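Everything quoted here is computed from the prediction, not taken from an experiment.
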Amino acid sequence: MGKTTSVESVLSLYAQQIQHSGKYGGHALDRVQLVWLKLECPQDGSLRGLCLNFFQAVDEIVGTRYYPKFGNNRRRSVDELLPEMANVAAVLGLGVLVIDEIQRLNEASSGGAAKMLNFFGQMVNQFSVPVVLVGTFKANTV
């Protein structure tokens, strides 16, 4: 069994989203929680593309419209998109983020190895959720 198949097999043991409804503390509660989200690194190897994949995946699963809000503005940088991603993750109560095919990240497209390391460090700190990186041995050089 391959990496992706193994990860997807484990993730399939958990519901991807949970609909919370009822009352909590005397107030009506109607909220979708995103238990896990699995992304694939984009073919172009860019961090911006990875950010846009996040919004697109969330929209497909939960039925939101974050991609049109954040993805259509080409001037938004990775540094501007990352806090928006963290906010979306918090609003949806994201439990774990899995990023597959990490070896696709290209130093030239992403601004260098140091920038990629900084990006993932920021992601872990801002999201406050586990981020699981999956890739081939080639990813060790990234």
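- Pairing each heavy atom of C41 with each of I99, the nearest pair is SG-CG2, 3.7 Å.
- For G49 against P42, the heavy-atom pair with the smallest separation is C-CG, 3.7 Å.
- Using a 4.5 Å heavy-atom threshold, the side chains of L34 and Q16 count as touching.
- Going from atom CH2 of W36 over to atom CG of L97 covers 11.5 Å, rounded to the nearest 0.5 Å.
- To the nearest 0.5 Å, the span separating CG on L52 from OH on Y66 amounts to 15.5 Å.
- Salt bridge status for E84 with R76: present, with a side-chain N to carboxylate O gap under 4.0 Å.
- The closest side-chain heavy-atom distance from M123 to M85 is below 4.5 Å.
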(request) Determine, step by step, whether L81 and F54 satisfy the side chain to side chain contact (heavy atoms under 4.5 Å, CB included) criterion, reporting the C-alpha distance in whole Å, the side-chain angles of both residues, the deciding distance to 0.1 Å, and the verdict. (result) CA-CA 10 Å; L81 291 172; F54 173 86; over 6 Å; no
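- The CD1 atom of I61 lies 5.0 Å from the CG atom of L37; values are rounded to the nearest 0.5 Å.
- Distance CZ/F119 to CG/L47: 5.0 Å, rounded to 0.5 Å.
- Remark: side-chain polar atoms of N53 are paired, donor with acceptor, to backbone N or O of E40 under 3.5 angstrom.
- In this structure, A86 and Q126 approach most closely via the heavy-atom pair CB-O, 3.7 Å.
- A chain of hydrophobic side-chain contacts below 4.5 Å, direct or via other Ile, Leu, Val, Met, Phe, Trp or Tyr residues, connects V124 to L133.
- Residues F127 and V96 form no side-chain contact, since every pair of their non-hydrogen atoms from C-beta on lies 4.5 Å or further apart.
- A distance of 11.0 Å separates OH in Y24 from CZ in R31, rounded to the nearest 0.5 Å.
- D30 and Q19 share a side-chain donor-acceptor pair at under 3.5 Å.
- The residues D100 and K38 are annotated as salt-bridged, a charged nitrogen and a carboxylate oxygen being separated by less than 4.0 angstrom.
- Placement of V98 and I18 within a single hydrophobic cluster is found when ILVMFWY residues are connected by side-chain heavy-atom separations under 4.5 Å, directly or transitively.
- Under the 4.5 Å side-chain heavy-atom criterion for Ile, Leu, Val, Met, Phe, Trp and Tyr, V131 and F55 are members of the same hydrophobic cluster.
- What you find for V134 and Q103 is that their closest heavy atoms are O-OE1, 4.4 Å.
- The shortest side-chain heavy-atom distance between L50 and V78 does not fall under the 4.5 Å cut-off.
- Interatomic distance, CG of D79 versus CG of N118, reported as 8.0 Å (0.5 Å rounding).
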